[in-house]
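Scroll down for the structure; my scribbles are underneath it.
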4 protein chains.
Amino acid sequence: MAELKNMARLPVLKRGIETKEKIINAAWILFSDKGYFKTNTKDIATKAGVATGSFYAYFNNKKDVGIELIRRFYKDGTEKVLSHTIKKISDMLAENPGPKTVRMTVKFIIESFKEFHAISPMLQRDALVLILMDEEVKNVSREEDGKILSFLIEILQQYKEYLRVDDVEAAATLLFRVSDEVMHRIMIHNDEIEAERLLRELEDMICNYIFVSDLK
Amino acid sequence: MAELKNMARLPVLKRGIETKEKIINAAWILFSDKGYFKTNTKDIATKAGVATGSFYAYFNNKKDVGIELIRRFYKDGTEKVLSHTIKKISDMLAENPGPKTVRMTVKFIIESFKEFHAISPMLQRDALVLILMDEEVKNVSREEDGKILSFLIEILQQYKEYLRVDDVEAAATLLFRVSDEVMHRIMIHNDEIEAERLLRELEDMICNYIFVSDLK
Amino acid sequence: MAELKNMARLPVLKRGIETKEKIINAAWILFSDKGYFKTNTKDIATKAGVATGSFYAYFNNKKDVGIELIRRFYKDGTEKVLSHTIKKISDMLAENPGPKTVRMTVKFIIESFKEFHAISPMLQRDALVLILMDEEVKNVSREEDGKILSFLIEILQQYKEYLRVDDVEAAATLLFRVSDEVMHRIMIHNDEIEAERLLRELEDMICNYIFVSDLK
Amino acid sequence: MAELKNMARLPVLKRGIETKEKIINAAWILFSDKGYFKTNTKDIATKAGVATGSFYAYFNNKKDVGIELIRRFYKDGTEKVLSHTIKKISDMLAENPGPKTVRMTVKFIIESFKEFHAISPMLQRDALVLILMDEEVKNVSREEDGKILSFLIEILQQYKEYLRVDDVEAAATLLFRVSDEVMHRIMIHNDEIEAERLLRELEDMICNYIFVSDLK
DNA sequence: TATGAATGAGGATTCATTCAT
DNA sequence: TATGAATGAATCCTCATTCAT
């Protein structure tokens, strides 16, 4: 039934597309500023310069903009950040193949996670909350996480010969979760420990875990 | 002003203490069952067998019961679970000193995290959300996390000679966060990957990271 | 599930009972004046001199006050009007037994329906609409109609010897519906035909239908 | 002002007429299926394959389609059903004149009402509601009812010599209302009593009321 | 201390109708 | 003529918290 009620207008004219975009941008600004939960649909519509009804013409409800934003967020993260990382790693491997690049690769990955989380910590936080509290959002995130995981697995497999782990999928999952969590602690929870110390250990941990030790 | 508003009664008489306890128990049951956000104060009061007004005689607001419960939660976690772990480790070390206990220790630690998170995943989840959304709760959790961290540091220092990490505090923090996160993925997010695979890798990762490699 | 959510407060203290009564009275006035559909819960609360929330403390929703009012309406109709009619008929039969009272009885019944519908035509109309549009209200009305039907059957059975109909239940039902409908046409639809003519025919029709013809 | 606002296009070109027809058909389907109130203008337009705006080019508002449909409904009822009945009665009278046809005539009339109401109970119900709630619709229905009434009077006058009622107009009105109401109870309210019993009594009542008794 | 009634801001959503293109 | 995007008033209901008794 939830599927059937997907009544949101699919804009065909340029004007409609623009309006939808205006709403998304307004939501982005408001969510980044006040957070998802303190923003209401009327605010979003007003900020977008449209009527409340228009909001509901393009989105079934507030959650749906949230999901849309989370998707874009992930997309940006994967397209701009992770794929960029892959490129960097490939370039590096082309120039300078061999075990010496391993640590650099890990650095790059961590760096890309950092960049990803720096885009909008507020949104990251609220996304985290939504994922915890809403099944639909959880599924969206799971779906998107799957893509990131594939990236990581792909990267790891480029180093097949230097891996010390057998279960690459589980290792990649762990690598993903661990990096993600560390970024959360740094960007969202503002844990007392200095970010640098944590990041240094993170890098060290990953290298020692994933790769055989006699490389360095 | 926050100070002034702390009107909640501090029960001294046995009866008052019992009433407060009844409220906490009711809240615990309800939060574990329906979650913090879907439980309202009236329900709690009703379940506790007191009037709504009485709830506010013992707690300033709903959040405060949440905090109280989170504190107890942590307390249980540290007292019943972690301290029990420490004991197990000490016993093991007494009986069988040396590097061979390292991996067992890590297993114990992971196991204790698992037990801790198994108490009430629903509450864990809502605590997570509250921590993300409320500064006061965040501080409470930070405080309690500090205690757990101390435990871990204490344990690690028992193995001083076998440690490969320099920054023990950061390592312990990482160890804490990583274990916590993995439990969340397993207990709360129900990630698709099998728990066993993830846990096996977690153990492997921690061992390789924390301890020198020529032990096993 | 609808049953389970019967959260409406059951007032225990005098104050609560009074408030509920105030709300019902306000609703009655507003419904009679503007009609059910043009009245909203906020209006009712305001008129009752209470907060919106109080409205929802005593009623799950607007429909529920409507139902409550419909019930009271019926109750008034049956208690004050119909039972009064029964009494009049009994008195008449006691004084002056025999077939001559038949027509008078029918007159009394019609008169009682008229009185019943004269209480608040606006509410009658809205009740009619609600019955048509809402299953729950329909059931309430069916239930209450059953009581009126029993009254009618009871009356008819007092004239057992003069009845020409076999299926008394069906006859009473028809008698009920026909009288009701005629009142609706007169009080609600304001049909063009003069009420007197219609009522005269109604009486004539019922007498000829229900009773043997050689009485008069 | 009401006059001024009658901007609805009066289609003269074939295309316009077709579009209007498409809208009416779509509305018919939707109203019969989900009812008038749960159908919105957008749905109607979509189902008709036109834009929302086009709807308002042909109708001033949603109610107007309702009225149009009610008119057609009545027209179908009178043309296809009632006039067909008149024909059947005329044929019968031609073949077999005399008092024996009286009961058959009543049967035919009741049957025609039944057929009429069977076309679309959902629409009947909503028409009923609209008539109760909207003055304009009430007037339309009154107008159309007048036509049916004329039919009935016409029929009754064919039996002038057997009638026992004096006020034929009032009698016809009563006959109309009574039959209509019984059909509502059967088709819309689904009263508990079996339709057959009610219909049998209805027929009996009408015969005894309208016609002299020594016919059968 | 305890009770339970009262508060009321606050937010999501709908849909008939209008309007710009 | 036709399109489909835009409008925005209107309404229901929740629940943490306060208050009168």
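Below, chains carry the letters A, B, ... as their sequence lines are ordered, and counting in each starts from 1. The shown structure was predicted, so the numbers you read here are calculated from the model rather than taken from an experiment.
- The nearest heavy atom of DNA chain F to A:Gly49 and to D:Thr52 marks one nucleotide each, and the one closer to the 5' end goes with D:Thr52.
- Evaluation of the salt bridge (charged side-chain N to carboxylate O under 4.0 Å, His left out) rule for D:Arg142 yields no partner, not counting sequence neighbours.
- Atom pair C:Lys62:NZ and F:dC13:C1' shows a separation of 13 Å (rounding to whole Å applied).
- Heavy-atom neighbours of A:Lys34 NZ from other residues, nucleotides or ligands within 6.0 Å: above the threshold of 12.
- Summarising the geometry, the separation between CZ on C:Phe37 and C1' on E:dA16 is reported as 18 Å, rounded to the nearest angstrom.
- The nearest whole Å value for the distance from the OH atom in C:Tyr58 to the P atom in F:dC12 is 20 Å.
- The CG atom of B:Asp64 sits 13 Å away from the C1' atom of F:dA16 (whole-angstrom rounding).
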A correct dot-bracket answer for DNA chain F, with pairs being Watson-Crick or G-U at under 3.5 Å, [ ] for crossing pairs and | for inter-strand pairs, is .||||||||||||||||||||
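- Residue A:Phe59 is classed as having no contact, given no heavy-atom separation below 4.0 Å to the nucleic acid.
- Proximity note for D:Thr19 (side chain, C-beta onward) versus E:dC15, E:dA9, F:dA2: the nearest is F:dA2.
- Considering only side-chain N and O atoms, D:Tyr56 lies under 4.0 angstrom from the phosphate OP1 or OP2 of E:dT17.
- For C:Lys42 and C:Gly53, each mapped to the nucleotide of DNA chain F holding its nearest heavy atom, the one lying further toward the 5' end belongs to C:Lys42.
- D:Leu123 CG to D:Leu30 CG: the interatomic distance, rounded to the nearest 0.5 Å, is 11.5 Å.
- Using a 4.0 Å cut-off between charged nitrogen and carboxylate oxygen, B:Glu68 and B:Arg72 count as a salt-bridge pair.
- With B:Tyr36 as the aromatic partner, B:Lys62 meets the cation-pi criteria of under 6.0 angstrom to the ring centre and within 45 degrees of the ring axis.
- No more than 12 heavy atoms of other residues, nucleotides or ligands lie within 6.0 Å of NZ in D:Lys47, so this atom counts as exposed by the packing criterion.
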